[in-house]
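Worksheet: the structure to be examined is printed underneath.
In this chain, numbering begins with 1 at the start of the sequence shown. Remember, it's 1-based here, ligands and their atoms both numbered in the order they're listed. All of these numbers come straight from a predicted model, not from anything done at the bench.
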Amino acid sequence: MNGICPKHVDSVITFVLGGPGSGKGTQCARIVETFGFKHLSAGDLLRKEVVSATEYGTMILDTIREGKIVPSAVTVKLILREMESSDNHKFLIDGFPRSEENRIAFERITGSEPDFVLFFDCPEEEMVKRVLSRNQGRIDDNIDTIKKRLKVFEALNLPVVDHYERRGKLHRINAVGTEDEIFEQVRPVFAACEQTAA
Ligand SMILES: Nc1ncnc2c1ncn2[C@@H]1O[C@H](COP(=O)(O)OP(=O)(O)O)[C@@H](O)[C@H]1O
Ligand SMILES: Nc1ccn([C@@H]2O[C@H](COP(=O)(O)OP(=O)(O)O)[C@@H](O)[C@H]2O)c(=O)n1
Ligand SMILES: [Mg+2]
């Protein structure tokens with residue numbers, strides 16, 4: 001763990017990557033309660049657009065149903081709007097970037113790069129098992145869509161993981177085990193940051 005920490009003491013940007021069902025949302029909730037970050041789930045922001053039937057709502061719904069990636073300009077705009085309106089400058093951006101297009105769009109539009117990146121590494125069969133028992137009434141938590149999402153994860157998400165690994169910004173977390181066992185791998189990454197930022 002290289003414990004890269006914020007260059008600018010007043011803000012921290014962390015990307016939280018991992019396949020569907022790898023435990024991103026669950027671990028983000030633990031990080032929020034322990035280290036006081038603002039949790040921004042790209043998926044939740046997109047689902048909110050669907051529910052509020054905005055101009056992009058139908059396109060987003062169709063994209064999510066297919067397990068595909070929504071055009072980056074839309075997703076980055078939603079994330080940026082939340083960041084700009086937040087008085088908390090420590091951000092956990094969950095489920096983003098999910099492609100090189102996402103990553104490049106974020107850098108181009110915000111001019112920022114993440115301080116560090118978490119990657120929850122989970123075997124496919126475990127991810128499928130968790131998604132199918134998630135019971136959140138999501139249209140994409142079914143066996144057909146999960147198979148499509150896993151193909152998207154392999155093809156588009158993993159190149160983003162490689163990008164940050166090459167830059168020494170990636171913290172690879174073994175996402176198999178209890179939620180506590182997994183959080184014990186996450187805790188030192190953020191504790192190191194707290195020390196440096198203090
Ligand atoms: N360590 C774990 N072991 C078993 N189930 C888990 C674990 N972490 C999360 N879950 C469950 O798996 C499902 C997916 O977790 P979630 O945090 O939504 O993952 P993601 O956001 O990566 O899709 C949820 O129902 C969650 O309660
Ligand atoms: N950066 C992102 C994040 C999610 N999404 C879409 O939203 C869906 C759900 O994302 P999510 O992060 O809530 O899914 P989980 O990994 O939590 O199961 C994805 O399968 C994509 O269809 C996207 O298009 N772009
Ligand atoms: Mg999630």
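- At least one donor-acceptor pair closer than 3.5 Å links the side chain of Lys169 to the backbone N or O of Pro114.
- Ring planes of Phe116 and His171: perpendicular class, angle over 60° (limits at 30 and 60°).
- If you check which protein heavy atom lies closest to atom 22 (O) of ligand 2, you get Lys68 O, 2.6 Å.
- Between Asp62 and Lys68 there is no salt bridge, since no side-chain nitrogen of the basic residue lies less than 4.0 Å from a carboxylate oxygen of the acidic one.
- Checking only distances, Asn102 does come within under 3.5 Å of ligand 2, N or O to N or O.
- Contacts between Glu66 and ligand 2, counted as non-hydrogen atom pairs separated by less than 4.0 Å, are absent for every part of the residue.
- For atom 2 (C) of ligand 2, the nearest non-hydrogen atom of the protein is Gly95 O, 3.5 Å.
- Near Phe96, with a cut-off below 4.0 Å to any heavy atom, the atoms of ligand 2 are 1 (N).
- The protein heavy atom nearest to atom 4 (C) of ligand 2 is Arg98 NH1, 3.5 Å.
- Checking each of Met59, Glu55, Glu49 against Val74 for a side-chain contact (heavy atoms from CB on, under 4.5 Å) leaves exactly one that passes, namely Met59.
- The pair Lys151-Glu154 does not count as a salt bridge, with every side-chain nitrogen at least 4.0 angstrom from each carboxylate oxygen.
- In the candidate list Val131, Val74, Ile64, Val70, Ile64 is nearest to atom 7 (O) of ligand 2, counting heavy atoms.
- Atom CG of residue Leu118 and atom CG of residue Leu17 lie 8.0 Å apart, to the nearest 0.5 angstrom.
- Of the residues listed (Val131, Ile146, Ile64, Leu61), the one engaging Asp140 in a side-chain contact (heavy atoms from CB on, under 4.5 Å) is Ile64, and it is the only one.
- Using a 4.0 Å cut-off between charged nitrogen and carboxylate oxygen, Glu107 and Arg103 count as a salt-bridge pair.
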Output, in order, the C-alpha distance, side-chain angles, deciding distance and verdict of side chain to side chain contact (heavy atoms under 4.5 Å, CB included) for Asn102 and Leu156.
CA-CA 10 Å; Asn102 262 189; Leu156 300 181; over 6 Å; no

Given Leu45 and Thr75, is the side chain to side chain contact (heavy atoms under 4.5 Å, CB included) satisfied, shown in steps?
CA-CA 8 Å; Leu45 293 174; Thr75 312; over 6 Å; no

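- For ligand 2, the polar-atom distance check against Asp44 finds no nitrogen or oxygen pair separated by under 3.5 Å.
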Would you mind writing out a table of all protein N or O atoms found under 3.5 Å from any N or O atom of ligand 1, naming both atoms and giving the distance to 0.1 Å?
unit_1   : atom_1 : unit_2 : atom_2 : d
ligand 1 : 1 (N)  : Gly177 : O      : 2.9
ligand 1 : 17 (O) : Gly25  : N      : 3.3
ligand 1 : 17 (O) : Thr26  : N      : 2.8
ligand 1 : 17 (O) : Thr26  : OG1    : 2.6
ligand 1 : 18 (O) : Arg134 : NH1    : 2.9
ligand 1 : 19 (O) : Gly23  : N      : 3.1
ligand 1 : 21 (O) : Gly25  : N      : 3.1
ligand 1 : 22 (O) : Ser22  : N      : 3.3
ligand 1 : 22 (O) : Ser22  : OG     : 3.4
ligand 1 : 22 (O) : Gly23  : N      : 3.0
ligand 1 : 22 (O) : Lys24  : N      : 2.8
ligand 1 : 22 (O) : Lys24  : NZ     : 2.8
ligand 1 : 23 (O) : Gly21  : N      : 2.8
ligand 1 : 23 (O) : Arg134 : NH1    : 2.8

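- With respect to atom 15 (P) of ligand 2, the closest heavy atom belonging to the protein is Arg149 NH2, 3.5 Å.
- Against a heavy-atom cut-off of under 4.0 Å, Arg134 is close to the following atoms of ligand 2: 17 (O), 18 (O).
- From the protein, the heavy atom lying nearest to atom 14 (O) of ligand 2 is Arg138 NH2, 3.1 Å.
- For atom 23 (C) of ligand 2, the closest heavy atom belonging to the protein is Leu46 CD1, 3.5 Å.
- Atom CZ of Phe120 and atom CD1 of Ile173 lie 5.5 Å apart (nearest 0.5 Å).
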